[in-house]
Amino acid sequence: MTTRTRFAPSPTGFLHIGGARTALFCYLFARRTGGKYLLRVEDTDRERSTAEAVEVIFEGLRWMGLNPDEPPVFQARNAPRHLEVAHQLLREGKAYRCHCSKDEIDQLREQQKTQGLKPRYDGRCRSRSAPVAEGRESVIRLKTPLAGAVAWEDVIQGPVRIENNQLDDLILVRSDGTPTYHLAVVTDDHDMGITHIVRGEDHLNNTPRQIHIIEAMGWTRPVYAHMPLLHGMDGAKLSKRHGAVSVLAYRDAGFLPQAVNNYLARLGWSFGEQEIFTMAELERHFDIAQVGRSAAIFDQAKLEWVNGHHIRATAVQDLVPPLLEQLRRKGIAEPDPAYVAALVPTLQERARTLAEMADKALFYFVAPTAYDDKAVGKHLTAPVLEPFADLVQRLDSLEGWNEALLEATFQATIATHGVKMGKLAQPVRVALTGSDVSPGVYEVLARLGRSESLTRLERCLAFFRRRVAE
RNA sequence: GUCCCGUUCGUCUAGUGGUCAGGACACCGGCCUUUCACGUCGGCAACACGGGUUCGACUCCCGUACGGGACGCCA
């Protein structure tokens with residue numbers, strides 16, 4: 001039998017980084033076991049579900065590379081089937097109509113709470129014999145076994161056992177005639193042939209209720225794997241106040257999807273002492289049974305480190321499109337892809353995100369309008385003026401313009417003047433970039449080109465002369 | 001309040017009765033070097049607490065504390 005997993009987001013907002021992790025685990029489990037990974041949109045909350053949210057979630061999953069193996073299922077469309085199941089249970093006496101009003105139940109819960117009990121419906125309609133006034137609203141509730149317990153072997157949590165007396169008769173169909181979450185989930189999972197349910201630990205308490213529906217229908221139980229939740233740096237459940245929680249926010253911040261996947265997979269799971277994984281390696285090694293049971297805290301600093309690794313390991317051509325986007329955001333109207341491709345190798349090991357890479361690439365597009373004060377004070381000093389002027393002269397009369405030639409010119413200059421390379425290279429860096437931090441000077445000169453380089457150098461030389469004269 | 005789960009360096013984790021408790025990020029320092037970064041070497045730093053069980057507990061059991069989740073006609 002081939003395994004089938006599903007990621008089942010509800011489209012009430014963006015794709016949360018925690019949801020993305022759940023999707024990733026579903027996906028990796030399916031890949032590892034040679035099964036299928038499916039997607040089901042749980043849009044049964046008519047009030048909060050939106051088409052925009054569906055699109056945003058799809059976009060997030062697409063970006064992560066977590067594309068389902070079959071077309072997505074939209075739960076709301078299966079409502080007739082869900083109701084059919086509810087009515088079958090009703091006919092078989094496994095469910096019943098409950099006419100209690102919301103107020104009545106609220107009151108009951110309130111009362112139970114003050115008594116220190118777990119608030120739950122007491123099943124008062126279960127054996128109601130008195131006829132009910134015609135037209136009064138009703139819901140359909142499942143008859144939950146009164147005694148006994150539900151137990152299952154959770155792939156991540158281990159053996160789990162919940163006493164039935166902790167449960168109440170859950171609602172299958174609302175008073176407006178629409179199916180509830182539990183009914184829909186169980187029915188769809190069955191109909192979709194889901195064999196393994198990988199989801200957040202927040203669903204652990206839902207599992208026994210869902211198992212009861214499954215048992216009532218005589219369906220086979222899927223295997224469950226409840227993964228620990230993700231927490232923010234303060235230890236609380238990850239939420240908006242923890243900053244970027246939408247996966248698309250990570251894309252926009254310049255992270256690579258393979259890095260996000262890598263980091264997310266390592267949260268709660270490890271494989272020897274390996275930290276960096278390609279998607280293919282994750283598909284090969286990720287073992288959900290080895291996932292730990294405690295919640296993990298999302299650490300952006302480590303994500304950045306992982307991202308830096310992937311930036312260095314990714315082919316230039318694959319870095320160009322997202323980098324172009326980052327550059328546009330920084331105000332570079334129409335960056336030339338070929339030019340950008342030439343710049344990438346000079347920046348790859350200097351950036352942890354593509355946004356940072358774009359920042360560091362800016363000088364390639366715009367000549368410095370001012371020189372960093374500290375850099376000027378440190379490197380544009382009187383003793384270097386002569387060697388620097390001589391270098392500019394030599395570069396100006398250079399025939400040809402490539403890194404080897406440039407280096408030879410620098411070497412000849414320092415030999416003539418008896419200065420150290422650092423003394424000469426730093427002013428050049430300032431002239432070219434405005435600061436004393438940049439990729440190698442030969443690399444920069446080569447990419448900027450002869451004309452632009454000389455323009456920047458001459459301008460700086462003039463500035464340098466004025467400064468020394470003062 | 002009730003039920004369920006968790007607890008090893010600040011963070012992610014290895015560890016399944018006998019280890020100097022290992023690795024990674026971050027942080028600090030050295031090296032490399034035309035700067036930064038990469039790389040590399042080294043440093044700092046943890047078994048929540050209290051009882052058991054045992055010749056011996058991070059590892060097993062019980063309790064406490066702390067944290068999280070769940071208790072909807074939301075999903």
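Order of the sequence lines fixes the chain letters, A, B, ..., with proteins taken first and strands second; residue numbering starts at 1 for each chain.
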Could you tell me how far apart [X] ([atom1]) and [N] ([atom2]) are, to the nearest whole angstrom?
{"X": "A:His231", "N": "B:rG67", "atom1": "NE2", "atom2": "P", "value": "12 Å"}
{"X": "A:Lys302", "N": "B:rU13", "atom1": "NZ", "atom2": "C1'", "value": "8 Å"}
{"X": "A:Gln166", "N": "B:rC4", "atom1": "CD", "atom2": "P", "value": "7 Å"}
{"X": "A:Gln290", "N": "B:rU16", "atom1": "CD", "atom2": "P", "value": "13 Å"}
{"X": "A:His226", "N": "B:rA70", "atom1": "NE2", "atom2": "P", "value": "12 Å"}
{"X": "A:Arg350", "N": "B:rU33", "atom1": "CZ", "atom2": "P", "value": "15 Å"}
{"X": "A:Glu356", "N": "B:rC36", "atom1": "CD", "atom2": "P", "value": "15 Å"}
{"X": "A:Tyr121", "N": "B:rA70", "atom1": "OH", "atom2": "P", "value": "25 Å"}

Looking at [options], which one has an atom nearest to any side-chain atom of [X]?
{"X": "A:Lys102", "options": "B:rC73, B:rU7, B:rU34", "answer": "B:rC73"}
{"X": "A:Asn205", "options": "B:rC12, B:rA26, B:rA70", "answer": "B:rA70"}
{"X": "A:Val437", "options": "B:rA24, B:rU35, B:rC73", "answer": "B:rU35"}
{"X": "A:Met421", "options": "B:rU34, B:rA75, B:rG69", "answer": "B:rU34"}
{"X": "A:Ala296", "options": "B:rA37, B:rG23, B:rC12", "answer": "B:rC12"}
{"X": "A:Arg266", "options": "B:rG23, B:rA26, B:rU2", "answer": "B:rG23"}
{"X": "A:Tyr442", "options": "B:rC5, B:rA75, B:rU34", "answer": "B:rU34"}
{"X": "A:Asp299", "options": "B:rU2, B:rU11, B:rU34", "answer": "B:rU11"}
{"X": "A:Glu349", "options": "B:rA37, B:rA75, B:rU34", "answer": "B:rA37"}
{"X": "A:Ala425", "options": "B:rU34, B:rU2, B:rA70", "answer": "B:rU34"}

Checking [Y] against [X]: is there a side-chain donor and acceptor pair closer than 3.5 Å?
{"X": "A:Thr346", "Y": "A:Tyr364", "answer": "yes"}
{"X": "A:Asp176", "Y": "A:Thr178", "answer": "yes"}
{"X": "A:His182", "Y": "A:Gln210", "answer": "yes"}
{"X": "A:Asp169", "Y": "A:Tyr96", "answer": "yes"}
{"X": "A:Ser438", "Y": "A:Arg429", "answer": "yes"}

Practice item. List the steps and the verdict of ring-ring contact (aromatic ring centres under 6.0 Å, His included) for A:His285 and A:Phe277. Key: CA-CA 9 Å; A:His285 302 302; A:Phe277 297 83; 7.0 Å; no
Which whole number of Å gives the distance between the [atom1] atom of [N] and that of [M]?
{"N": "B:rA45", "M": "B:rU8", "atom1": "C1'", "result": "12 Å"}
{"N": "B:rU11", "M": "B:rG72", "atom1": "P", "result": "33 Å"}
{"N": "B:rC41", "M": "B:rC47", "atom1": "P", "result": "27 Å"}
{"N": "B:rU16", "M": "B:rG10", "atom1": "C1'", "result": "26 Å"}
{"N": "B:rA26", "M": "B:rC20", "atom1": "C1'", "result": "25 Å"}
{"N": "B:rG15", "M": "B:rC9", "atom1": "C1'", "result": "15 Å"}
{"N": "B:rG30", "M": "B:rC44", "atom1": "C1'", "result": "15 Å"}
{"N": "B:rA24", "M": "B:rC61", "atom1": "C1'", "result": "33 Å"}

When we call it a touch if two heavy atoms are under 4.0 Å apart, what does [X] touch: a base, just sugar-phosphate, or nothing?
{"X": "A:His203", "value": "base"}
{"X": "A:Pro9", "value": "nothing"}
{"X": "A:Gly308", "value": "nothing"}
{"X": "A:Asp202", "value": "sugar-phosphate"}
{"X": "A:Ile171", "value": "base"}
{"X": "A:Glu42", "value": "sugar-phosphate"}
{"X": "A:Leu229", "value": "sugar-phosphate"}
{"X": "A:Asn206", "value": "base"}
{"X": "A:Ser270", "value": "sugar-phosphate"}

Applying the Watson-Crick and G-U wobble criteria at under 3.5 Å, what pairs with [N]? Answer none if nothing qualifies.
{"N": "B:rA75", "value": "none"}
{"N": "B:rC32", "value": "none"}
{"N": "B:rU53", "value": "none"}
{"N": "B:rU19", "value": "none"}
{"N": "B:rG67", "value": "B:rC5"}
{"N": "B:rC27", "value": "B:rG43"}

Any side-chain N or O of [X] below 4.0 angstrom from OP1/OP2 of [N]?
{"X": "A:Thr44", "N": "B:rA75", "value": "yes"}
{"X": "A:Arg109", "N": "B:rC73", "value": "yes"}
{"X": "A:Arg312", "N": "B:rA37", "value": "no"}
{"X": "A:Arg352", "N": "B:rA26", "value": "yes"}

Check if the side chain of [X] and the base of [N] share a donor-acceptor pair of N or O atoms closer than 3.5 Å.
{"X": "A:Arg293", "N": "B:rU7", "result": "no"}
{"X": "A:Arg120", "N": "B:rC71", "result": "no"}
{"X": "A:Ser175", "N": "B:rC73", "result": "yes"}

Is it the case that the side chain of [X] and the backbone of [Y] share a donor-acceptor pair, with hydrogens and angles ignored and the cut-off at 3.5 Å?
{"X": "A:Asn78", "Y": "A:Arg81", "value": "no"}
{"X": "A:Asp168", "Y": "A:Tyr121", "value": "yes"}
{"X": "A:Tyr37", "Y": "A:Leu66", "value": "yes"}

Study note, to complete from the structure: Walking RNA chain B from its 5' end, the first of A:Leu303 and A:Arg48 to be reached, judged by nearest nucleotide, is A:Leu303
Study note, to complete from the structure: Taking for A:His309 and for A:Gly292 the nucleotide of RNA chain B with the nearest heavy atom, the one nearer the 5' end belongs to A:Gly292
Review point. Do A:Val428 and A:Phe388 come within less than 4.5 Å of each other through their side chains, counting heavy atoms only?
Key: yes
